[in-house]
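Here's the structure we're looking at; comments come further down.
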Amino acid sequence: MEYNFSEIEKKWRTYWRDNKTYNVKEDSDKEKYYVLDMFPYPSGSGLHVGHPLGYIASDIYARYKRLKGYNVLHPMGYDSFGLPTEQYAILTGIHPEVATKDNTERYRKQLDQLGFSYDWSREVQTSDPNYYKWTQWIFKQLFNSFYCGSENKAMPISHLISFFEKQGNINSQAVCDENTTSFTASDWNSFNETEKENVLQKYRLAFLSDTWVNWCEGLGTVLANDEIKDGLSERGGYPVEQKLMKQWSLRITAYADRLISGLETLDWTDSIKEIQKNWIGKSNGVSVHFNLENSDKTIEVFTTRPDTIFGVNFIVLAPEHDLIDEITSEDQKQKVVDYVNKTKLKSERERQADKSISGVFTGSYAIHPFTKEKVQIWTGEYVLATYGSGAVMAVPCGDQRDWDFATHFGLDIINIFENIDVSEKANQEKDVIIVNSDFLNGLKSKKAIDVAIHKIEELGIGRAKTNYRLRDAIFSRQRYWGEPFPVYYKYDTPFILDDDKHVTLPQVNKYLPTSKGDPPLARARKEDWNVFEGDRMETNVMPGWAGSSWYFLRYMDPKNDGEFCAKEKSDYWGQVDLYIGGAEHAVGHLLYSRFWTKFLFDRGLIGFDEPFKKMINQGMILGRSSFVYRIKDTNTYVSFDKKKGYKTTRLHVDINFVDNDILDLDAFKNWRAEYADADFILNDEGKYICGHEIEKMSKSKYNVQTPEKLVGKFGADTLRLYEMFLGPIEQFKPWDTKGINGVHNFLRKFWRLTHDSDNNFVVSEESPTKQSYKTLHKTIKKVEEEIERYSFNTVVSSFMICVNELTEQKCNSREIISNFTILLSPYAPHITEEIWQKLGNDTSVTFAEFPSFIESYLVEDEVNYPVSFNGKMRFKMSLPVEMTKDQIEDEVMKHEKTAHYLDGKSPKKIIVVPKRIINIVI
RNA sequence: GCCCGGAUGGUGGAAUUGGUAGACACGUUGGACUUAAAAUCCAAUGGACAGUAAUGUCCGUGCGGGUUCAAGUCCCGCUCCGGGUACCA
């Protein structure tokens, strides 16, 4: 074999490992660059060809930046805590640690095969106690911090305590729970330890709170929304109910505003920024208090449209609203109780899925703050307890949901919009004039909103307020395979372990909840814990996103035993300059890690407050499924091009039996017993042609392509080039191996350019021709420009054009080949190392210098002008570059073909764009 | 419903600021080499029409309009596909 890729690739992978080629150190003489892949979860099923797409792109970029003289940090590791491994442990009894080790080893093997330039000495795993003790440490810092509203940053809780000691909480600007009661300094000083802690919990950034969760008694655990189907658990089919449970939460809502404004500094796609903005859901409005007819209490509603306050026809409370019990009249009591109970049984998801209108009148009335008229109070599911104050002022003429509700129950609809018909639907337009609204009459909405807020505040019946859709993040999981909390309890009050103490996951006899419904860790006996303090240890574990919220920092200082990451290291490496990964983490990982980064910044632990400066979201690679067509009620399969006229059933066939849509009949027959004596109707060439379709890659569709197979057949360099050649990195695209021969041939062509027919390496020492220089420098320019704008696919074309031209020029000059080898090395590291070595270099091509582009090689004496008539290109003519517009015009008019296209007419206008185009308007 | 993308040959895609549409590959067809096959090399390849031919004419970037000397690219109005998201007051 001339180009023996398997031997070459093996040789260089060994070399890189033995020589630690890709290990990096901080180096103040060099500018840093940080290229990171999104943290993979090492799943048991390994990689398919879609997974490495982003890794290849980031590797190319990292290698390119090295050639450009940067000190590049390009690490890899595993987000190794997680559910699938735990499920596997429950099923098999195999400790998750063992399964994780197997999976990461397999993953590593697969990654290594592709020739990535990771610094593996920096590998981290979230499930490694030496890693998660620092996750615990950050949790401790969150616990010991509060968010100061006046400084607009997180600060030590001790500051807050001394504030309370001096002033109580009445003038405090600290962010806290909605239901926090006021106290004075002397109140505070009289509290006992537990009382003080209960207050502090309302301020801490990591805090215990009662949270509504989907509790499944049958399984003894809390379920995620997507684990519930029709009100029953997906596994086992047990009933699920909403239950209040004490859970750890993180006060991400304190950062809501900064999480929105910080997006402006990021080079991310608009769509991800938009998703985050919507998720945080900032809305400016006003909270207004409505007095009740028969009570001293008031109902607080939140509205973004105070301009429509004279259009209020009724008020709707969420079924969970505190006041419902109290205000419901005797005659409506039974109906309301039934309704509230019914809704309680539904999961949040079910309630959201159910679009039907429901609600019950409570029988009591509120007083409109301006008109003083009676307003009916209803309860209805469409009002969410968890947003705003859990109550809305219903304006059916101006809000479609309120309109639907009013129409459904036959309630009045007052119209407050001039010349607008609200009999068919509500008016949501803001560019209309408001009428029937006392002091707002004649104003347009925008102005009326300001006027109304002003008036409401002046009368003391409410105040301007900003609401967020974002909720505090629940941080407890009733699982085993996650980070344990550094928390113990004394008299049911939580305490944090000292900084030098951390909890390692204790051994348990089973990975299931206890019979009492406590999490698996509750199975651990006192002596199973490495640390045991107080009455009991916390038995929840942290969620999957805990470890992944800060892993990019640990890569900078992975072995540090005294700190999570030394400040001088994080100051050197700084933000991730390029982050490549899927868009599916838009509101999970990408939001949480921004939150943690801002927190660590606030506390002075790192010097930047956004983790990922530039992000590229690679598109999914889809599979190309193949099909056979079985004639109904037979065991006969008809070729795709012959199936017309037959009634057939389409069946997925394993793509490993299909080459260029032609089915390997023997392989198919051997696949399954039922196909063993299959008959075939072949086409005229005696072949069975399969049908095909583009679908998501999945085992059940038999369309999964593994990198191993392709690396075996074509080599890693070919696979790397091909994955890039498929198309723009961020686009969704089908995987089709048809084209892989093309890039493989390119590498072979490159090999042949530098080897004679006996496979001896040959380069010429003669100086290259002008033409070859031009080819090279054209390529240098293109490769550099395209990589800089992350257009990885077009670079491959440039390589091909370069080798095609050099082959044509019969150019194998050492100078040209050397430079081209460097250009190609980020894409095809193995073959280029081999040729680099054969060129006589004794260090890796990794340490070469990216060739500099010299403009003068591209300068031409002549320009080949396209000549257009009325915008249509008709012919070309070469003219000297230095020619003036007038001279060009003369030359064109003299051209023999011009007369033909003028067809006797004289041109109205001649447009000459030097070095570009000539257009003659007739 | 709302928000964000996208639509270019038989296929994947290129065209970066409005300036030669279809680069580069795949596939297909024909040819060379070979006992044969594979591999390799050469040639053709958007469509239609005319011509023995060189060549010429027309059409052509989802659809309909517009701006411009010139539109895949800009503007207006649609269609279809993909993604995200939703009783968020």
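Because the structure is predicted, anything quoted here is derived from the model rather than measured. Residue numbers start from 1 in every chain, and the chains themselves are labelled A, B, ... in the order their sequence lines are given, proteins ahead of strands.
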Phosphate contact ([N] OP1 or OP2) by [X] side-chain N/O below 4.0 Å:
{"X": "A:N804", "N": "B:A25", "result": "yes"}
{"X": "A:Q731", "N": "B:G13", "result": "yes"}
{"X": "A:R748", "N": "B:U40", "result": "yes"}
{"X": "A:S283", "N": "B:A89", "result": "yes"}
{"X": "A:N745", "N": "B:U40", "result": "yes"}
{"X": "A:N278", "N": "B:C2", "result": "no"}

[X] and [Y] ion-paired at < 4.0 Å:
{"X": "A:K282", "Y": "A:D257", "value": "yes"}
{"X": "A:E723", "Y": "A:R720", "value": "no"}
{"X": "A:K915", "Y": "A:E860", "value": "no"}

(message) Please check this pair: side chain of A:R471 against backbone of A:R469, looking for a donor-acceptor N/O pair closer than 3.5 Å.
(response)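 Yes, the answer is positive, given that a donor and an acceptor are paired below the 3.5 Å cut-off.
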(message) Using modelled atom types and a 3.5 Å cut-off, is there a donor and acceptor pairing between side-chain atoms of A:H744 and backbone atoms of A:G715?
(response) no
Distance check, [atom1] atoms only: [N] and [M], in whole angstrom units.
{"N": "B:U45", "M": "B:U55", "atom1": "P", "answer": "11 Å"}
{"N": "B:G5", "M": "B:A39", "atom1": "P", "answer": "44 Å"}
{"N": "B:A25", "M": "B:A44", "atom1": "P", "answer": "14 Å"}
{"N": "B:G1", "M": "B:U11", "atom1": "P", "answer": "30 Å"}
{"N": "B:U73", "M": "B:A7", "atom1": "P", "answer": "11 Å"}
{"N": "B:U16", "M": "B:G9", "atom1": "C1'", "answer": "23 Å"}
{"N": "B:G22", "M": "B:C75", "atom1": "C1'", "answer": "26 Å"}
{"N": "B:A23", "M": "B:A14", "atom1": "C1'", "answer": "5 Å"}

What is the pairing partner of [N], taking Watson-Crick or G-U wobble pairs with both distances under 3.5 Å in any strand?
{"N": "B:A7", "value": "B:U79"}
{"N": "B:A15", "value": "none"}
{"N": "B:A21", "value": "none"}
{"N": "B:C58", "value": "B:G47"}
{"N": "B:C2", "value": "B:G84"}
{"N": "B:A38", "value": "none"}
{"N": "B:A71", "value": "none"}

Nearest whole angstrom, please: distance from the [atom2] of [N] to the [atom1] of [X].
{"X": "A:M873", "N": "B:U57", "atom1": "CE", "atom2": "P", "answer": "11 Å"}
{"X": "A:H744", "N": "B:A38", "atom1": "NE2", "atom2": "C1'", "answer": "14 Å"}
{"X": "A:I801", "N": "B:A15", "atom1": "CD1", "atom2": "C1'", "answer": "12 Å"}
{"X": "A:E584", "N": "B:C4", "atom1": "CD", "atom2": "C1'", "answer": "17 Å"}
{"X": "A:W279", "N": "B:C4", "atom1": "CH2", "atom2": "C1'", "answer": "17 Å"}
{"X": "A:N919", "N": "B:U68", "atom1": "CG", "atom2": "P", "answer": "15 Å"}
{"X": "A:K872", "N": "B:A71", "atom1": "NZ", "atom2": "P", "answer": "10 Å"}
{"X": "A:M393", "N": "B:C87", "atom1": "CE", "atom2": "P", "answer": "21 Å"}

(message) Other residues, nucleotides and ligands only: do more than 12 of their heavy atoms fall within 6.0 Å of CZ on A:R916?
(response)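 Counting neighbours around CZ of A:R916, 12 or fewer heavy atoms of other residues, nucleotides or ligands fall under 6.0 Å, so no.
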(message) Heavy-atom count check: over 12 atoms from other residues, nucleotides or ligands less than 6.0 Å from A:K778 NZ?
(response)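 Buried by this count: over 12 neighbours within 6.0 Å.
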(request) Kindly label the base of B:G9 as syn or anti, based on whether its glycosidic torsion lies within 90° of 0. (result)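 Classified syn.
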(message) I want to confirm an ordering. Mapping A:R874 and A:G871 to their closest nucleotides on RNA chain B, which one lands closer to the 5' end?
(response) A:R874
(request) Let me know, please, whether A:G390 or A:T794 comes out on the 5' side of the other along RNA chain B by nearest nucleotide. (result)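 Looking at RNA chain B, the more 5' nearest nucleotide goes with A:T794.
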(request) Start with the C-alpha gap between A:I831 and A:D717, add the side-chain angles, then the distance that decides, and say whether side-chain contact (heavy atoms from CB on, under 4.5 Å) holds. (result) CA-CA 7 Å; A:I831 189 175; A:D717 285 340; 3.5 Å; yes
Proximal nucleotide (of [options]) relative to the [X] side chain:
{"X": "A:E786", "options": "B:U20, B:U16, B:A23", "result": "B:U16"}
{"X": "A:Y901", "options": "B:G56, B:C3, B:U16", "result": "B:G56"}
{"X": "A:H900", "options": "B:G12, B:A15, B:U57", "result": "B:U57"}
{"X": "A:R752", "options": "B:A89, B:C41, B:G56", "result": "B:C41"}
{"X": "A:N741", "options": "B:G27, B:C69, B:G84", "result": "B:G27"}
{"X": "A:P866", "options": "B:A89, B:U20, B:G19", "result": "B:U20"}

(message) What I want to check is whether an N or O donor and acceptor connect the side chain of A:K782 with the base of B:U16 at under 3.5 Å.
(response) yes
With a 4.0 Å cut-off on heavy atoms, is [X] in touch with a base, just the backbone sugar-phosphate, or nothing at all?
{"X": "A:K465", "result": "nothing"}
{"X": "A:S797", "result": "base"}
{"X": "A:V921", "result": "sugar-phosphate"}
{"X": "A:D404", "result": "nothing"}
{"X": "A:F725", "result": "base"}

(message) Centroid separation under 6.0 Å, is that true for the rings of A:F746 and A:W751?
(response) no
